[in-house]
Amino acid sequence: QQHQQQQHNMYQNGGSHYDGKRSESPTFEDQLGPANDDVPCGCFCAGVHVQCCASNKATGSKKAVKTDKAFVAFVLLELLFFLLFGLFVEYDEFTEANLGAQTGEELRELYPMYQDIHVMIFIGFGFLMTFLRRNAYTAVGYTFLVGVISIQWTILLRGFWSQVFEQEGYTKMSINIESLINADFGAAAVLISFGAVIGKINPTQLIWMTLAELVFYTLNEAILVEEYHITDVGGSMIIHTFGAFFGLAVTRVLTKTVKKDEKDNKPVYHADLFAMIGTVFLWLYWPSFNAALAGDSGNARHRAVVNTILGLCSSTLITFALTKFYHGNRFCMVDVQNATLAGGVALGGSCNLRMYPLGALIVGGLAGFVSVTGYSLLQPHIKHKLRDTCGILNLHGMPGVIGGLASAVFAGMTSEKDYGEFLKGTLFSAAADRTPSEQAGYQLAALATTLCIAIASGLLVGWLLSLPSLFEQVSSENEFTDGVHWEVPEEEITFFDHRAKEHELDEEVRGSYDANHAL
């Protein structure tokens, strides 16, 4: 505001924007009349690039002030975490200080993979969503925000549901490195859902969506693990399928009307390049995501790494082949950014099983085929009916379902001949009481249960978020832009971007100004 007033006074006193002296030759201002509020900072910018603070009118400063609700929510939420962790969470036996040298074994085993997963959550997911031309701060910043909330809330909820299903009475929740890995998995599910609604919800809505989704996510996980005793170490069903269909249900209810021309819901060259950084980080570290909790029984973790890498390679090659076929002999960056990762999603349900290298290649290639076909052929037809900003149906939804089906197939093919003593009570926790075909049936039941809980809870949460009486809604003018909720320190805005449209300058006037400016 001070900058705006200084520029206004300078203009009223007859001074130039730069040197305080009026130019002897007619200025562009003389031709067009006084400056108006459409120009950033309300000042005459002499046709050159200026650095404009996000507090100016162009970024909607009046609306940006309405962040008080989010501020209060952040503070109260962390105070609530203080209370709950103090009352209900403690170190486990391997984290306590009185066990000496024994405490480092689990950390040395899991921490490298945990770091890989952490990079995927905070860099991979965040940068993958920076493809929108004016929404990169939201993508990276909200990923950071959602991540730290999800980690704390998931730890509490997993401990709660575990005690509910075990029915062994109340005890304090134990926390260790494995708890942190599972907490990152919860954050991944929410970030997948966020990909469907990015640019269309405000911070307060996002907080409540995160808290509500994780209640149902951890409930679904507890049902699948504690009751169905399924194998899904990489989360094809628990993480990807749930996160995708929850997010799709939310966006279906939350955004009832769809504009045919959303000018800011589009990528630009440099934004796509940043998004590709996210893709590369995810691709490189996905084996750790799938293998971290596979365990060492029967070399399951080793198999999970090998199978995931083979699946990713297969989906990547299929993606490059089909994207060129679908787009007139040219590669499409959207396909490459996303569908190349589909193999990692699909292998999550069965990567620890003895599926053989050929099986990993087939599952990964099939996921890549379905994903790139979805982005190239399906997405253009449904985008005006289902506002899936990042295309999570194609990257996480359909490949996650493929992963669930694959886990049923390979679970049904298990035998003691292949796994030996590691099959009973280790690879499948209920294998001692089930035949392979029965285990396959439970894998399919887990997929159906996940779809039902995800869609039903997503519709409920989406309906609540869409109530104007509870949440301020994002207007169509402010969708897919950072300016309302972020300070944008430097924004290069040319004079013509704001003034030429209003005055409808002809080419002669524009050319005359360019010549004078060059001199």
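These numbers come from the heavy atoms of this one structure, side chains and all, not from hydrogens, waters or symmetry mates.
In this structure a side-chain-to-backbone donor-acceptor pair under 3.5 Å is present from Ser236 to Gly349. The closest donor-acceptor contact from the side chain of Ser314 to the backbone of Leu361 lies under 3.5 Å. A side-chain donor-acceptor contact under 3.5 Å links Ser315 to the backbone of Gly343. With hydrogens and angles ignored, the 3.5 Å screen pairs no side-chain donor or acceptor of Asn338 with any backbone N or O of Gly391. Ser466 places a side-chain N or O within donor-acceptor distance of the main-chain N or O of Trp463, the cut-off being under 3.5 Å. Distance alone, capped at 3.5 Å, places no donor-acceptor pair between the Asn352 side chain and the Ala304 backbone. Without hydrogens or angle criteria, Gln337 side chain to Asp272 main chain gives a donor-acceptor distance under 3.5 Å. At distances below 3.5 Å, at least one donor-acceptor pair connects side-chain atoms of Thr251 with backbone N or O atoms of Arg387. Gln163 contributes a side-chain N or O that, together with a main-chain N or O of Thr171, makes up a donor-acceptor pair within less than 3.5 Å. Using modelled atom types, one side-chain atom of Thr435 and one backbone atom of Glu438 make a donor-acceptor pair closer than 3.5 Å.
Side-chain contact between Tyr137 and His485 is absent, with no heavy atoms from C-beta onward closer than 4.5 Å. Contact check for Thr389 versus Phe131: side-chain heavy atoms found under the 4.5 Å cut-off. Looking only at side-chain heavy atoms (C-beta outward), Ser150 and Leu214 come within less than 4.5 Å of each other. Put simply, the side chain of Thr316 reaches to within 4.5 Å of the side chain of Trp283, judged on heavy atoms. In this structure, Thr130 and Ile277 have side chains that are not in contact, with every pair of non-hydrogen atoms separated by 4.5 Å or more. Between Phe410 and Val363 there is a side-chain heavy-atom pair separated by less than 4.5 Å. Within the 4.5 Å cutoff, the side chain of Phe194 has no heavy atoms near those of the Thr210 side chain. Side-chain contact check for Thr241 versus Asp232: every heavy-atom pair is 4.5 Å or farther apart.
Separation of atoms CG (Leu282) and CG (Leu395) is listed at 8.5 Å; rounding is to 0.5 Å. The CD1 atom of Ile151 sits 11.5 Å away from atom CD1 of Ile181, with the distance rounded to the nearest 0.5 Å. The distance from the CE atom of Met129 to the OG1 atom of Thr138 is 10.0 Å, given to the nearest 0.5 Å. Taken from OG1 in Thr323 to OH in Tyr326, the straight-line distance is 9.5 Å, to the nearest 0.5 Å.
Across every non-hydrogen atom of Gly124 and Phe281, the tightest pair is CA-CB, 4.3 Å. Considering all non-hydrogen atoms of both residues, Leu353 and Ala411 come closest at CD1-N, 3.9 Å. Between Met113 and Ser288 the shortest heavy-atom distance is CG-OG, 3.8 Å. Residues His229 and Gln439 approach most closely at O-NE2, 3.2 Å, considering heavy atoms. Minimum heavy-atom separation, Val197 to Gly247: CG1-O, 4.4 Å. Residues Thr143 and Gly126 approach most closely at OG1-CA, 3.4 Å, considering heavy atoms.
The closest side-chain donor-acceptor pair between Glu213 and Ser193 falls under 3.5 angstrom. With hydrogens and angles left out, the side-chain atoms of Glu472 and Asn202 include no donor and acceptor closer than 3.5 Å. Judged by distance alone, the side chains of Thr319 and Asp335 never bring a donor and an acceptor atom under 3.5 Å apart. At a cut-off of 3.5 Å, with distance as the only test, no side-chain donor of Ser457 or Tyr217 sits close to an acceptor on the other residue. In summary, the side chains of Asn182 and Ser179 do not present any donor paired with an acceptor at a separation below 3.5 Å, with no hydrogens or angles considered.
Atom OH of Tyr442 has 12 or fewer neighbouring heavy atoms from other residues, nucleotides or ligands inside a 6.0 Å radius. Heavy atoms of other residues, nucleotides or ligands lying less than 6.0 angstrom from CZ of Phe165 number more than 12. Annotation for Phe471: atom CZ counts as buried by contact number, over 12 foreign heavy atoms lying within 6.0 Å.
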- Query: What do the steps show when you test Val401 against Val370 for side chain to side chain contact (heavy atoms under 4.5 Å, CB included), and what is the final call?
  - Reply: CA-CA 11 Å; Val401 171; Val370 170; over 6 Å; no
- Message: Pair Phe74, Leu145 - check side chain to side chain contact (heavy atoms under 4.5 Å, CB included), show working.
- Response: CA-CA 10 Å; Phe74 294 159; Leu145 173 64; 3.7 Å; yes
- Could you give me the CA-CA distance, side-chain angles and deciding distance for Tyr114 and Tyr111, then say whether ring-ring contact (aromatic ring centres under 6.0 Å, His included) is met? CA-CA 5 Å; Tyr114 166 71; Tyr111 188 71; 5.8 Å; yes
- Task: Any chance you could lay out the side chain to side chain contact (heavy atoms under 4.5 Å, CB included) test for Phe125 and Ile192, step after step, and finish with the verdict?
- Result: CA-CA 8 Å; Phe125 278 101; Ile192 291 168; 3.9 Å; yes
- Task: Please step through side chain to side chain contact (heavy atoms under 4.5 Å, CB included) for the pair Thr414 and Arg354, ending with a clear verdict.
- Result: CA-CA 8 Å; Thr414 59; Arg354 199 163 185 259; over 6 Å; no
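Using the six-membered ring where Trp is involved, His240 and His396 have ring planes that are parallel, under 30° apart on the 30 and 60° scheme. Using a 30° and 60° split on the angle between ring planes, Phe81 and Trp153 fall in the tilted class, from 30° to 60°.
The residue from Leu293, Leu180, Ile121, Thr154 that alone fulfils the side chain to side chain contact (heavy atoms under 4.5 Å, CB included) condition with Phe185 is Leu293. Of the residues Asp116, Leu347, Val345, the one that meets the side chain to side chain contact (heavy atoms under 4.5 Å, CB included) test with Trp286 is Val345.
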